[in-house]
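Note that the structure is a prediction, hence the values are computed from the model and not measured.
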Amino acid sequence: MSNDDLPEPGTATPPPTLGEGCVRRYDSEALSEEDGTEFEGAEALWQRLQRERLDKSGGE
């Protein structure tokens, strides 16, 4: 991205969306690494939260 392509400071443009209402979601084909869509720690976080939940409930 060149300096000419950079947005003005303090401005943001949301990515394109698909659907309407409750099923509205970002268009995954229009997203890129620049949109910050990757969260490589998500699976590990989910597993940790599930273990903590089971520990609190007594392992049921």
Side-chain angles (χ1 to χ4, degrees):
M1 185 179 287
S2 73
N3 286 340
D4 295 334
D5 296 333
L6 295 174
E8 291 294 316
T11 61
T13 304
T17 58
L18 300 172
E20 296 180 17
C22 295
V23 295
R24 190 172 194 178
R25 65 205 178 278
Y26 290 118
D27 181 356
S28 60
E29 292 184 16
L31 298 176
S32 70
E33 289 184 22
E34 290 181 3
D35 295 307
T37 59
E38 293 297 318
F39 179 36
E40 59 192 49
E43 183 178 2
L45 174 61
W46 176 253
Q47 290 173 354
R48 190 190 89 215
L49 292 173
Q50 294 305 306
R51 280 192 308 272
E52 289 174 1
R53 194 187 99 218
L54 286 173
D55 290 345
K56 287 180 182 178
S57 69
E60 295 176 18

Grouping I, L, V, M, F, W and Y whenever their side-chain heavy atoms are under 4.5 Å apart, do F39 and L49 come out in a common cluster?
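Hydrophobic grouping puts F39 with L49.
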Write out all pairs satisfying side-chain hydrogen bond (donor to acceptor under 3.5 Å, both in side chains) with one or both partners inside residues 21-30, taking only residues at least two apart or from two chains.
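Of all non-adjacent pairs touching residues 21-30, those that pass side-chain hydrogen bond (donor to acceptor under 3.5 Å, both in side chains) are T17-R24.
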With rounding to the nearest 0.5 angstrom, report the CZ to CD distance, R53 to Q50.
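R53 atom CZ to Q50 atom CD measures 5.0 Å (nearest 0.5 Å).
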Check this for me: does any side-chain nitrogen of one of E52 and K56 sit under 4.0 Å from a carboxylate oxygen of the other?
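A salt bridge is absent here (no side-chain N lies under 4.0 Å from a carboxylate O).
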